[in-house]
Number of protein chains: 2
Amino acid sequence: MTYKVKDVAETAGVSVRTLHHYDQIGLLKPTSTTDSGYRLYTDQDLERLQQIMFLKELDFSLQEVREILDTPGFDRMQALASQKKLLLEKRKRLDAIIDLVDKTLYTIEGGDLMAKKEMFEAFDMTEIERHQQQYAEETRQKYVRSSAYQESQKKTAGYSQDDWAVIQTKANKIYQNLADLMDYEPSEPQVQEAIGQWRQHITDHFYTCTLEIFRGLGDLYVQDERFTANIDGIKPGLAAFMCEAMHIYCDRNAE
Amino acid sequence: MTYKVKDVAETAGVSVRTLHHYDQIGLLKPTSTTDSGYRLYTDQDLERLQQIMFLKELDFSLQEVREILDTPGFDRMQALASQKKLLLEKRKRLDAIIDLVDKTLYTIEGGDLMAKKEMFEAFDMTEIERHQQQYAEETRQKYVRSSAYQESQKKTAGYSQDDWAVIQTKANKIYQNLADLMDYEPSEPQVQEAIGQWRQHITDHFYTCTLEIFRGLGDLYVQDERFTANIDGIKPGLAAFMCEAMHIYCDRNAE
DNA sequence: ATAAACTATGACGTTACGTCAAAGTCAATA
DNA sequence: TATTGACTTTGACGTAACGTCATAGTTTAT
């Protein structure tokens, strides 16, 4: 089933000009065109337009939207889950603004004076922008890790049971060493040394662990509860400790 | 207490450029300036800036914001109450978008197909824009009525008790006539004739009842429960009947 | 007295379209 | 079948709300 430009405009509640603009910037190119150059859109195009509208609703620029949607390995379901988080964050801010209206009314009616800062803090976009950046960063990370995953699949395909045993033993030694170092600050040399060993271990046996991947991996250790549970099983708090140490390691090696 | 431009920018979380721009377009002019031309803002300026931010949050253009705030008789408390309604409407739309994310996820997971229209209806701004226009219209109406009120005060200041009795009797006759006509369509000539008499009555004894005021008055009869209760006391449903008839009367006399 | 921080104004650039014009194509109608 | 209305194309100018930059003056801290 295909749709012409006016069909899409009416269905989506946007203007024809908008669709022309999206075509021109490469954000939403119709799947095909007629011999006369008429744009023909498909159901997939409508799905992409819906994603565009979700992301616009979250105040991403059109360039950011395109980058997100064009990321190799873009997963619509995961994206929707993340977008929901952002939308909930936006609603939270809106709730704060509504609450501010009530507080302001109370102030006018002779209630306690409101601090100047409080008059405006609900409008703040910092938290939302932080989530936006985090979302964009997660999207990019998933792509980067997707490449690493493929490298890893290739590498480990030829591993025997003996190979796996050796690798697991090595990994356990590094984990245990790090667990023993938890009384130290994550920035201490011996902790950083062990973290370096962990990174090398991954590179030797799985995939090229760039600093970017390594940093994201650290985040994953505390964000993904399966990782957290697994690592904390060695010693409670180890996942957070490793995450922090990995970030410091990456900061220091970034340049 | 006065604040310089940087103080205000930081307190409100806006840029200095924004404040310059607002000054230039007459939206937020600092209360005073130093001999060197430095802008000095006061607490009142901060209050106006807060109103600006509420209205910006509701997607009014800066010109619309200025018109609203510069309306003679602008009442901050009433404005806040109306803005809260608009904010709640905006949250309602946001809730619909969040719900759409869930529905879209369900669809992807193999649930029932979603109609194309349904994919986009949550993004619709029609209802919000309608509320926006209504809010702007209400603001303008209050001003218009404020002028009429002053004329009315002037006129009725010299009325004696006998005058009031005559006026009341006339009014009751018109109300009763309209009550008797409720079986007719509001557009019927005899209804429209009675409505015209009502308008003339107001102009003769209170204030110049323009079509604009008359139309807004009709709305007031159903929106303000005190009016509704008073008029419906003559016959239930009379307020709504009059409102509709007044609108038709105004439509016909508009040109 | 000097340097850093802050402020002023002017001006160019950006984003995301809206609006308009001119011309071609498609579909409905006489 | 010809004509007309509806729809579509591309190009281009305009708009709103600032961001960013440059230049120069003023205020504040050292």
Side-chain angles (χ1 to χ4, degrees), chain A residues 2-41 45 48-49 51-69 120 123-126 129 132 136, chain B residues 2-41 45 48-49 51-69 120 123-126 129 132 136:
Chain A
T2 59
Y3 315 92
K4 287 197 226 157
V5 72
K6 192 182 182 191
D7 301 327
V8 177
E10 283 175 354
T11 298
V14 300
S15 72
V16 167
R17 182 69 185 94
T18 297
L19 295 173
H20 285 186
H21 183 59
Y22 288 1
D23 186 358
Q24 184 183 14
I25 66 175
L27 178 58
L28 179 68
K29 284 197 159 305
T31 295
S32 61
T33 56
T34 68
D35 289 335
S36 311
Y38 279 34
R39 294 168 175 85
L40 296 177
Y41 296 88
D45 293 326
R48 185 169 164 108
L49 179 55
Q51 282 292 341
I52 291 166
M53 290 176 81
F54 276 132
L55 291 168
K56 269 196 67 187
E57 189 63 40
L58 294 166
D59 297 311
F60 284 94
S61 73
L62 295 186
Q63 182 179 334
E64 288 169 323
V65 174
R66 196 185 65 225
E67 282 168 8
I68 289 169
L69 295 184
F120 299 100
F123 296 104
D124 192 52
M125 288 285 287
T126 305
E129 279 159 1
Q132 262 188 337
Chain B
T2 59
Y3 314 95
K4 288 198 227 158
V5 72
K6 193 181 182 195
D7 300 328
V8 176
E10 283 175 353
T11 298
V14 301
S15 72
V16 167
R17 182 70 184 93
T18 297
L19 295 174
H20 285 185
H21 183 61
Y22 288 2
D23 185 358
Q24 184 184 14
I25 66 175
L27 178 57
L28 180 68
K29 284 197 159 304
T31 294
S32 61
T33 57
T34 68
D35 289 336
S36 312
Y38 279 34
R39 295 169 175 84
L40 297 177
Y41 296 88
D45 294 325
R48 187 171 163 106
L49 180 54
Q51 282 292 342
I52 290 167
M53 290 175 81
F54 276 131
L55 291 167
K56 270 197 66 188
E57 190 62 38
L58 293 166
D59 296 313
F60 285 93
S61 72
L62 295 185
Q63 182 179 334
E64 287 169 325
V65 174
R66 195 184 67 226
E67 283 168 9
I68 289 168
L69 295 184
F120 300 100
F123 296 104
D124 193 53
M125 289 285 288
T126 306
E129 280 160 359
Q132 262 187 336

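Reminder, nothing fancy here: chain letters follow the sequence lines and each chain counts from 1.
- In this structure, A:Val5 and B:Tyr38 both approach DNA chain D, and ranking their closest nucleotides by distance from the 5' end singles out A:Val5.
- Atom CG of A:Leu28 is separated from atom P of C:dA16 by 15 Å (rounded to the nearest Å).
- The distance from atom CD of B:Gln24 to atom P of C:dG10 is 8 Å, rounded to the nearest whole Å.
- The side chain of B:Ser36 contributes no N or O atom lying less than 4.0 Å from OP1 or OP2 of C:dT7.
- Residue B:Lys4 comes nearest to B:Tyr38 through the heavy atom pair CD-CD2, 4.2 Å, listed as atom of the first residue, atom of the second, then distance.
- Distance from the side chain of A:Leu62 is smallest to C:dC17 among D:dC18, C:dC17, D:dT10.
- OP1 or OP2 of D:dC18 sits under 4.0 Å from a side-chain N or O of B:Lys56.
- Positionally, the nearest nucleotide of DNA chain C for A:Val16 lies more toward the 5' end than for the other of A:Val16 and A:Asp35.
- Atom CG of B:Leu19 is separated from atom P of D:dG19 by 10 Å (rounded to the nearest Å).
- Remark: A:Tyr22 is not in phosphate contact with C:dA16, judged by side-chain N or O atoms under 4.0 Å from OP1 or OP2.
- Between B:His20 and D:dC18, a side-chain N or O to OP1/OP2 separation shorter than 4.0 Å is absent.
- For the pair B:Leu49 and B:Tyr22, the minimum side-chain heavy-atom distance is below 4.5 Å.
- A:Arg39 has a side-chain polar atom (N or O) that falls below the 4.0 Å cut-off from OP1 or OP2 of D:dT9.
- Remark: A:Thr18 is not in phosphate contact with C:dA16, judged by side-chain N or O atoms under 4.0 Å from OP1 or OP2.
- The distance from atom CG of B:Asp23 to atom C1' of C:dT9 is 12 Å, rounded to the nearest whole Å.
- The 5' end of DNA chain D is approached more closely, in terms of each residue's nearest nucleotide, by B:Ser61 than by the other of B:Arg17 and B:Ser61.
- The side chain to side chain contact (heavy atoms under 4.5 Å, CB included) test with B:Phe60 singles out one residue from B:Lys56, B:Gln63, B:Glu64, and that residue is B:Glu64.
- Of the candidate nucleotides D:dG19, D:dT28, D:dC7, D:dC7 has the atom nearest to the side chain of A:Lys6.
- Counting to the nearest Å, the P atom of C:dC17 and the CG atom of A:Asp59 are 12 Å from each other.
- With a 4.5 Å cut-off on side-chain heavy atoms, A:Leu28 and A:Leu69 do not count as touching.
- In this structure, CG of B:Leu27 is placed 14 Å from P of D:dA16, rounded to the nearest angstrom.
- Distance B:Asp7 CG to C:dA5 P: 17 Å, rounded to the nearest Å.
- A:Thr34 comes within 4.0 angstrom of no nucleic acid atom, judged by non-hydrogen atoms across all strands.
- When the P atom of D:dA17 is taken as reference, atom CD of B:Glu57 falls 15 Å away, rounded to whole Å.
- Side-chain contact between A:Tyr3 and A:Thr11 is absent, with no heavy-atom pair separated by less than 4.5 Å.
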